[in-house]
Amino acid sequence: MPYDHLQIEAKWQEYWRVNKTFRAEDAGDKPKRYVLDMFPYPSGDGLHVGHPEGYTATDIISRYYRMKGFNVLHPMGWDSFGLPAENYAVKTGTHPRTTTEKNINNFRRQLQMFGFSYDWEREIATTDPGYYRWTQWLFTKIYEKGLAYEAEAAVNWCPELGTVLANEEVIDGLSEVGGHPVIRKPMRQWMLRITNYAERLLADLEDLDWPEHVKELQRNWIGRSEGAEVDFIIDGHDEKLRVFTTRPDTLFGATYMVLSPEHPSVSRIATAAQREAVAEYCRAAARKSDRDRGIAKEKTGCFTGAFAINPVNDERIPIWVADYVMMGYGTGAIMAVPAHDQRDWEFAREFDLPIIQVISGGDIEREAWSGDGELINSGLLDGLNVVDSIAKISGWLSERGLGEAKVQYKLRDWLFSRQRYWGEPFPLLHLEDGTVRALGEDELPLLLPEVESYKPSGTGDSPLTTIPEWIEVDDPVSGQRAKRESNTMPQWAGSCWYYLRFIDPDNDVAAWDAEKEKYWLPVDFYIGGLEHAVLHLLYARFWHKVFFDLGLVSTNEPFARYRNIGMILGEDGEKMSKSRGNVVNPDDVVRDFGADSLRLFLMFLGPLDRDKPWNMKGIEGIHRFLARAWRLFFDEENNLLPAVQDVQPDDETLRIMHRCIHEVSEMMVDQRFNTAISQMMIFVNEMSKRDVRAQSALEAFLLLLAPFAPHFCEEIWQALGHAESLSYTRWPVADTSWLEEDMVTVVVQVNGKLRDRFDVPVDADAEKVKEQALAGGKLQPFLEGKTVRKVIYVPGKLVNIVAN
RNA sequence: GCCGGAGUGGUGGAAUUGGUAGACACAAAGGACUUAAAAUCCUUCGGUCCUUUGGGCCAUGCGGGUUCAAGUCCCGCCUCCGGUACCA
């Protein structure tokens with residue numbers, strides 16, 4: 001009978017709960033550590049076995065820090081607004097609140113079953129009015145700072161379903177549900193000016209302790225590029241056309257211009273002869289779904305009949321409309337340089353437009369040349385290279401007021417509203433006089449009203465518009481009639497600041513207390529999945545910087561250190577999903593093998609940041625390891641073995657113990673938990689062979705294992721006579737003098753190939769070792785007929801004899 | 001296309017600065033214990049060849065290079081995964 005994981009795990013979870021073992025104090029002498037998970041959306045499916053991977057990692061880190069003497073904040077909560085509960089409500093009429101509560105209860109039960117050391121007194125849910133009151137308040141701060149504005153923006157409108165879809169509900173231009181076409185429909189939206197922060201969001205990545213590739217994802221998303229804006233006069237019009245280009249050096253090669261179909265100048269400049277064709281082209285472009293836009297690579301376009309004047313050489317060049325130019329980037333207009341831009345080259349070929357080479361190199365008969373070269377056909381730039389001519393022409397343009405240096409970002413402003421029910425209502429009133437009033441702190445929370453139906457209104461507006469008594473109000477402050485904002489906030493809103501609420505979850509006079517914020521922030525350790533590496537982390541950083549500017553927080557960045565967690569794949573190596581039928585239910589695993597086995601196994605599978613396939617046999621193996629460790633202490637009847645003795649450990653035991661302490665401690669520093677577990681396995685294998693097992697060595701091992709398998713270790717710790725939980729017992733320290741061996745094996749290579757080996761004292765003289773190596777009998781066949789040219793000795797490791 | 005990441009035994013993975021490739025496990029095979037099975041314990045376990053208590057050769061996706069020495073560094077490819085995509 002191995003150890004009884006069910007009984008032990010239940011016992012210690014109860015002990016930790018009753019004793020509030022993991023309660024975090026908001027002050028004190030100890031240094032602090034804030035260790036954070038990405039809080040989950042509580043879905044109806046419950047956890048699958050991949051969820052606890054990251055949570056186990058942060059739990060190990062939290063428990064380790066406690067044993068290292070830190071005051072640890074390790075909280076958990078629920079990102080509980082979200083589409084699935086609303087879709088379920090549309091189908092069944094069940095209030096999303098009801099579904100959400102039920103799912104939260106299930107998630108909480110499952111998370112508690114793993115024995116995670118959360119301070120459950122800090123649990124929060126974004127759907128709780130006590131929480132979203134402050135989400136709304138924070139929005140009003142952002143609004144008052146001028147960072148929120150209304151705009152017409154295109155949404156994913158599905159005429160068939162009569163609803164607006166989230167991006168993730170649109171797959172290849174069709175609705176995920178039913179496969180209906182989705183088109184772009186402009187609707188009034190709230191936008192946040194994240195672009196105002198683009199430069200800081202980019203620059204401040206520099207100092208963050210984040211994986212380089214995650215920073216790179218964010219950099220690419222922000223997409224900074226340096227260039228110039230240049231004005232072109234439209235021939236015969238009192239209007240200028242401004243373009244953005246990263247290559248002002250190619251200005252002399254601009255042979256035509258292109259406007260995006262949405263560009264406001266299009267209708268004004270089209271000539272009478274071309275007006276009808278242009279209008280038709282623009283209509284066709286507007287009808288195109290995202291799917292068509294994405295797939296169509298062949299260039300289409302339409303001549304407007306108008307001409308622009310190239311400011312550098314006064315050439316008259318035609319102005320076209322084409323959908324390969326996007327309104328959302330730069331100015332929505334470009335100067336086309338077909339000789340040096342592949343897209344322009346293809347367009348010019350398609351419509352027989354002139355191609356003038358201005359930089360030598362390449363073969364522009366075959367493709368555009370985008371490399372460096374000598375400027376030609378370029379007047380004042382002739383003879384210069386690309387870099388120098390960019391500098392020269394930029395100066396030339398700005399002196400004459402024709403253009404200016406400009407930094408452009410791919411990052412767009414953040415579309416911050418949803419036409420949904422289950423989200424935070426905007427705390428805004430649209431007054432009769434056309435102004436907007438943000439509700440004051442004393443008017444919050446603005447509660448979600450009860451509705452008859454969760455179905456979309458059919459116009460694309462949220463179901464809230466169907467409740468006139470909620471929408472239409474008399475505003476006591478202004479004395480005017482007013483309409484409430486009917487959009488709700490996206491799920492990102494709640495998750496943008498939850499780490500701040502955890503530091504002060506019950507505060508009902510402020511979102512958080514300033515002193516607590518100074519104590520706990522920034523988050524020292526944040527772990528989550530790659531799927532949130534761009535948007536969530538960027539949005540939260542944006543809000544945090546706004547809070548910083550408002551004096552609400554004391555740090556410039558929220559997450560000092562971030563690590564990425566890989567995915568647990570199904571046994572077939574594919575992503576776990578219900579449809580594939582490869583989902584592993586953690587309830588079953590915990591019942592059969594225990595939470596400690598599951599935790600250990602998830603960590604043993606491989607490095608944290610890699611995707612790893614689940615393996616049922618593997619968890620049996622790790623369970624066997626725990627059973628073998630159990631038998632170091634107990635006999636078949638679970639009585640303490642006589643072999644466990646309170647004696648001074650012998651030298652060999654000390655060597656094994658200190659090596660294990662040393663290796664595991666090293667691996668804790670950079671979270672190489674898989675190899676740390678290997679080291680502990682080696683310890684158990686060694687100790688199993690011994691008839692006398694010094695208790696002090698076994699106790700050191702228990703402390704090392706405790707962050708990984710806490711219930712198991714607490715149980716044995718208690719059986720060894722300790723009255724207190726080991727959660728705050730000091731992490732053992734290795735005496736490195738026990739790591740040094742007296743004798744080491746030196747291997748002998750001839751021309752890099754292993755031929756011999758022998759033992760020498762660790763401090764052996766280099767010359768003596770070389771001599772001994774050369775004298776080895778095994779070497780002779782390989783040295784025969786050769787001259788020894790060189791002998792290299794790597795102390796304590798190897799001798800390499802170079803001979804030919 | 002562009003930007004990231006990864007390719008090591010039958011499998012998951014080790015090898016921290018270039019220095020004994022395959023730690024630790026899983027699976028498999030054989031053995032011990034047992035009436036039997038499970039559990040446990042022991043042994044073998046990259047490929048190939050030979051004159052087989054031993055030893056040779058090959059081997060970290062492929063091809064080159066640097067080095068006394070390369071899984072590790074450099075150059076050129078291939079495959080897979082993720083992100084992104086007419087971003088001017």
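Throughout, protein chains are lettered first and strands after them, A, B, ... in sequence-line order, and every chain is numbered starting at 1.
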*asked:* Under 3.5 Å for both donor-acceptor distances, Watson-Crick or wobble: does B/rU79 have a partner, and if so which one?
replied: B/rA6
*Nearest to the side chain of A/Arg610 - B/rG7, B/rC24, B/rG19?*
B/rG7
*d(CG, A/Asp611; C1', B/rA6) in whole Å*: 10 Å
_Sidechain N-carboxylate O distance under 4.0 Å for A/Glu346, A/Arg349_ = no
*Could you check how far CD1 of A/Ile222 sits from P of B/rU84, rounded to whole Å?*
15 Å
*Which nucleotide in B/rG19, B/rC41, B/rG13 has an atom nearest any side-chain atom of A/Arg631*: B/rC41
*Write down the distance between CZ (A/Phe625) and P (B/rA23), rounded to a whole number of angstrom.*
18 Å
*Without hydrogens or angle criteria, can the side chains of A/Thr300 and A/Tyr281 be said to hold a donor-acceptor pair below 3.5 Å?*
yes
*Mate of B/rC41 where both pairing distances stay under 3.5 Å, Watson-Crick or G-U*: B/rG31
*asked:* Need the pair for B/rU67. Rule: Watson-Crick or G-U wobble, both distances under 3.5 Å, any strand; none if unpaired.
replied: none
*In Watson-Crick or G-U wobble terms, both distances under 3.5 Å, what is the partner of B/rG1?*
B/rU84
*What is the distance from CE of A/Met567 to C1' of B/rG83, rounded to the nearest Å?*
12 Å
*From the list B/rA14, B/rC57, B/rA25, which nucleotide is the closest neighbour of the side chain of A/Thr675?*
B/rA14
_Using a 4.0 Å heavy-atom cut-off, does A/Ile792 contact any base of the nucleic acid, only the sugar-phosphate backbone, or nothing at all?_
base
*From the list B/rA27, B/rG13, B/rA88, which nucleotide is the closest neighbour of the side chain of A/Val325?*
B/rA88
_Using a 4.0 Å heavy-atom cut-off, does A/Arg789 contact any base of the nucleic acid, only the sugar-phosphate backbone, or nothing at all?_
nothing
*At under 4.0 Å between heavy atoms, what does A/Gly330 touch on the DNA or RNA strands: base, sugar-phosphate, or nothing?*
nothing
*How would you label the contact of A/Ile334 with the nucleic acid (heavy atoms, under 4.0 Å): base, sugar-phosphate, or nothing?*
base
_A/Phe673 CZ to B/rA25 P, straight-line distance once rounded to whole Å_ = 20 Å
*From the options B/rA25, B/rC26, B/rG5, select the nucleotide whose nearest atom is closest to the side chain of A/His213.*
B/rG5
*Would you classify A/Leu605 as touching base, sugar-phosphate or nothing, given that sugar-phosphate means primed atoms plus P, OP1 and OP2, and contacts are heavy atoms under 4.0 Å?*
sugar-phosphate
*Output yes when at least one side-chain N/O atom of A/Lys753 is less than 4.0 Å from OP1 or OP2 of B/rC58, else no.*
yes
*Just call it for A/Lys797: base, sugar-phosphate, or nothing, with non-hydrogen atoms closer than 4.0 Å on any strand.*
sugar-phosphate
*Does a side-chain N or O from A/Arg628 land closer than 4.0 Å to OP1 or OP2 of B/rA25, or not?*
yes
*Give one of base, sugar-phosphate or nothing for A/Tyr409, where a contact means two heavy atoms less than 4.0 Å apart.*
nothing
*asked:* Let me spell it out: for each of A/Gly752 and A/Ser678, pick the nucleotide of RNA chain B with the closest heavy atom. Which residue's pick is nearer the 5' end?
replied: A/Ser678
*asked:* Once you apply a heavy-atom cut-off of 4.0 Å, does A/Asn685 come out as touching a base, just sugar-phosphate, or nothing?
replied: sugar-phosphate
*Can you tell me how far the CD1 atom of A/Ile355 sits from the CZ atom of A/Phe347, to the nearest 0.5 Å?*
12.0 Å
*Can you tell me the Watson-Crick or wobble partner of B/rA59, both distances under 3.5 angstrom?*
none
*Given B/rC68, B/rC57, B/rG13, which nucleotide is nearest the side-chain atoms of A/Val802?*
B/rC68
*asked:* What is the separation between atom CD1 on A/Ile565 and atom P on B/rG5, rounded to the nearest whole Å?
replied: 18 Å
*Any donor-acceptor pair under 3.5 Å joining the side chain of A/Arg672 to the base of B/rU16?*
yes
*Atom CD of A/Gln749 and atom C1' of B/rG18: how far apart are they, to the nearest Å?*
12 Å
*What form does the base of B/rU52 take, syn (within 90° of 0) or anti?*
syn
*Just call it for A/Asn674: base, sugar-phosphate, or nothing, with non-hydrogen atoms closer than 4.0 Å on any strand.*
sugar-phosphate
*B/rG13: pairing nucleotide in any strand, Watson-Crick or G-U under 3.5 angstrom*: none
*Residue mapping more 5' on RNA chain B - nearest nucleotide basis, A/Arg412 or A/Lys612*: A/Lys612
*Watson-Crick or G-U wobble partner for B/rU51, using a 3.5 Å limit on both distances?*
none
_Spacing between A/Leu754 atom CG and B/rC68 atom C1', to the nearest angstrom_ = 15 Å
_Does the Lys NZ or Arg CZ of A/Lys299 fall within the cation-pi geometry relative to A/Tyr324 - under 6.0 Å from the ring centre and within 45° of the axis?_
yes
*Between A/Asn220 and B/rG4, does any side-chain N or O lie under 4.0 Å from OP1 or OP2?*
no
